[in-house]
Amino acid sequence: MHCISLPSSHLLLHSPAKTTLKLACHVSPRMFFNDSATNNNSGSTNGFSLIKNVSKLLWGASLPPGILISTVRTAWTSTWQIMMSQLAPSDPSGAYTRPLSKFRLNPTAATTKLHLYVGLPCPWAHRTLIVRALKGLEEAVPVSVAGHGLDGSWEFKDVPDKDNDILVPTMDRVNRCRNLKEVYRLRKGGYDGRATVPMLWDVEKKEIVCNESYDIIEFFNSGLNELAQHPGLDLSPVELKEEIEEWNRVIYPNVNNGVYRCGFAQSQEAYDVAVSGLFSTLDRIDDHLDSSRYLCGDRLTLADICLFTTLIRFDLVYNVLFKCTKKKLLEYTNLHAYMRDIYQIPKVAATCNFLEIMDGYYRMLFPLNPGSIRPVMPSVCEHEFLSRPSKRESMSSVGKRVQHVL
């Protein structure tokens with residue numbers, strides 16, 4: 001399948017339908033014991049104390065009886081399956097099947113007054129931010145950054161930018177909507193499907209231009225050169241297009257979507273297939289990078305950016321939450337240095353908000369982490385560690401090509 005026809009939208013739980021069954025799929029973790037937990041901490045505490053007291057009265061300090069454990073386990077499994085069917089649709093084998101992007105790019109219909117909607121946890125949105133930054137399209141294509149809502153939707157909120165070093169969630173800077181769902185509904189004819197990021201918006205026509213990430217990064221790379229500060233930077237040169245597409249055909253199903261196929265697998269068999277494909281592909285790429293600075297030699301391309309946004313999240317999220325535990329990325333000598341090499345390209349680090357990424361996964365993907373506890377950030381994922389010299393520029397015959405262009 002051609003790479004740009006592959007689905008690449010990051011999905012969070014969409015707004016629940018008004019049925020009892022659907023509502024069960026979107027219960028906030030904070031409201032699990034008490035509907036007013038977010039506004040009345042004492043009520044939550046009292047409810048929990050009541051549960052503890054009843055438990056002690058029934059069976060003292062011992063574990064609950066086996067029949068209770070069995071009943072609760074069955075009920076939780078059924079509830080988990082309902083929630084997962086909404087969060088991550090699967091095929092009959094239990095393998096995650098990513099829905100197709102609804103709005104594909106028609107370059108002839110695009111205007112020069114565009115606005116980009118993104119969410120910082122999302123790797124698909126992240127790739128659009130990186131290409132936008134490298135091409136110097138920040139002024140030409142303003143951005144609104146949605147944050148994660150308690151119900152799993154994308155919401156806009158004003159987060160103080162303390163140091164101006166990294167992107168943070170913002171208000172909706174063009175439509176003044178409360179959440180992304182409202183923006184989607186503004187289009188002519190409305191829209192009640194999944195409100196996904198990234199999404200490119202036509203400000204004048206109030207219309208969705210595209211919500212397919214690969215279409216957007218190709219358009220940013222070559223379709224707005226008259227507005228770009230760095231029109232000479234080509235991340236998809238004609239002579240490398242076939243090679244880029246070959247890498248995308250390998251990376252997308254096995255790595256980009258592969259980590260999701262591991263994390264969202266709803267059967268052991270589906271997980272086993274996904275995790276095997278993921279790590280055999282990472283092994284292959286690590287071997288290739290032993291003698292090549294980037295995937296396509298000396299040139300940074302769109303294929304590298306698509307791989308990077310998954311790699312930068314690997315030890316931070318996927319290794320733990322998505323059960324991609326066979327190896328940490330740190331254990332891949334070439335892959336980890338390659339990731340640091342790209343991270344150190346000017347403007348790239350500013351697109352990586354690690355706390356927002358962790359919150360977007362650990363606190364919002366309730367079926368995968370019911371306690372919503374965010375683990376401590378691994379030291380190898382901190383900016384200071386990622387800024388250590390990769391020494392990969394010595395592999396390139398053109399040296400720091402990208403840095404020079406920028």
Side-chain angles (χ1 to χ4, degrees), residues 4 8-10 101-147 154 156 158-159 161 164-177 179-180 182-184 186-187 195-236 300-302 304-306 308-309 345-353 356 402 405-406:
I4 60 173
S8 303
S9 295
H10 187 69
S101 299
K102 176 70 174 179
F103 301 94
R104 302 301 301 269
L105 181 68
N106 178 3
T108 61
T111 68
T112 55
K113 197 165 185 181
L114 300 169
H115 194 84
L116 179 65
Y117 285 97
V118 299
L120 297 176
C122 170
W124 318 106
H126 193 181
R127 55 175 66 171
T128 67
L129 287 172
I130 292 175
V131 177
R132 170 179 172 268
L134 295 183
K135 290 289 292 187
L137 290 168
E138 294 95 330
E139 294 184 7
V141 186
V143 65
S144 290
V145 182
W154 293 111
F156 298 105
D158 194 10
V159 175
D161 189 356
N164 295 314
D165 288 337
I166 57 174
L167 288 172
V168 297
T170 68
M171 303 299 290
D172 179 358
R173 290 170 167 166
V174 64
N175 290 304
R176 308 303 177 191
C177 291
N179 55 57
L180 191 63
E182 290 184 2
V183 181
Y184 269 77
L186 287 177
R187 68 177 298 268
T196 63
V197 292
M199 189 265 277
L200 192 60
W201 179 258
D202 186 320
V203 177
E204 294 177 342
K205 297 178 181 178
K206 287 191 174 295
E207 183 58 82
I208 298 169
V209 176
C210 183
N211 68 349
E212 161 57 46
S213 68
Y214 205 86
D215 286 1
I216 294 174
I217 62 175
E218 283 203 315
F219 180 57
F220 282 0
N221 178 62
S222 59
L224 296 173
N225 277 337
E226 69 279 6
L227 301 174
Q229 294 178 12
H230 306 295
L233 176 64
D234 189 354
L235 299 168
S236 185
L300 180 80
T301 67
L302 295 181
D304 295 296
I305 292 169
C306 290
F308 170 81
T309 59
I345 294 173
K347 295 187 176 183
V348 172
T351 68
C352 304
N353 187 324
E356 280 292 318
V402 177
V405 172
L406 297 177

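Numbers here simply count residues along the sequence, with the first being 1. Just so you know, these numbers use all the heavy atoms, side chains as well, and skip hydrogens, waters and symmetry mates.
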(message) Rounded to the nearest 0.5 Å, what separates atom CG in L129 from atom CG in L116?
(response) 6.0 Å
(request) Determine whether F103 and Y184 make a side-chain contact, defined as any pair of heavy atoms from C-beta on separated by less than 4.5 Å. (result) yes
(request) Using atom types as modelled and distance alone, determine if a side-chain donor or acceptor of R127 lies under 3.5 Å from a backbone N or O of I217. (result) no
(request) Output all residues satisfying side-chain hydrogen bond (donor to acceptor under 3.5 Å, both in side chains) with Q229, sequence neighbours left out; order by chain, then residue number. (result) none
(message) Is the shortest side-chain heavy-atom distance between W201 and L114 below 4.5 Å?
(response) no
(request) Ignoring hydrogens and angles, tell me if any N or O in the side chain of D215 forms a donor-acceptor pair with the backbone of L105 under 3.5 Å. (result) yes
(request) Decide yes or no for H126 and S213: does some side-chain heavy atom of the first lie under 4.5 Å from some side-chain heavy atom of the second? (result) no
(message) Can you confirm whether L200 sits close enough to T128 that some side-chain heavy atom of one is under 4.5 Å from a side-chain heavy atom of the other?
(response) no
(message) Working to the nearest 0.5 angstrom, can you tell me the gap between N211 CG and I216 CD1?
(response) 7.0 Å
(request) For the residue pair T196 and W124, establish whether any side-chain heavy-atom pair is separated by less than 4.5 Å. (result) no
(message) Quick one, H230 and L134 - any side-chain contact, counting heavy atoms below 4.5 Å?
(response) no
Report, one line per pair, each donor and acceptor closer than 3.5 Å where one atom sits in a side chain of residues 219-228; sequence neighbours left out.
| from | atom 1 | to | atom 2 | distance (Å) |
| --- | --- | --- | --- | --- |
| N221 | OD1 | L235 | N | 2.7 |
| N221 | ND2 | D234 | OD1 | 3.0 |
| S222 | OG | E218 | O | 3.2 |
| N225 | OD1 | K135 | NZ | 2.7 |

Using atom types as modelled, flag every donor-acceptor pair under 3.5 Å from a side chain in residues 166-175 to any protein atom, sequence neighbours excluded.
| from | atom 1 | to | atom 2 | distance (Å) |
| --- | --- | --- | --- | --- |
| T170 | OG1 | V145 | N | 2.9 |
| D172 | OD1 | Y117 | OH | 2.8 |
| D172 | OD1 | V174 | N | 3.2 |
| D172 | OD1 | N175 | N | 3.1 |
| D172 | OD2 | Y117 | OH | 3.3 |
| D172 | OD2 | R176 | N | 3.3 |
| D172 | OD2 | C177 | N | 3.0 |
| R173 | NH1 | V143 | O | 3.1 |
| N175 | OD1 | K206 | NZ | 3.0 |
| N175 | ND2 | Y117 | OH | 2.9 |

(request) Kindly compute the distance separating NE2 (H115) from CE (M199), expressed to the nearest 0.5 Å. (result) 9.0 Å
(message) Holding to side-chain hydrogen bond (donor to acceptor under 3.5 Å, both in side chains), I want the full list of residues that pass it with T309, two or more places apart in sequence or in another chain.
(response) none
(message) Test of understanding: with ring-ring contact (aromatic ring centres under 6.0 Å, His included), list the residues that count as partners of F308, not counting sequence neighbours.
(response) none
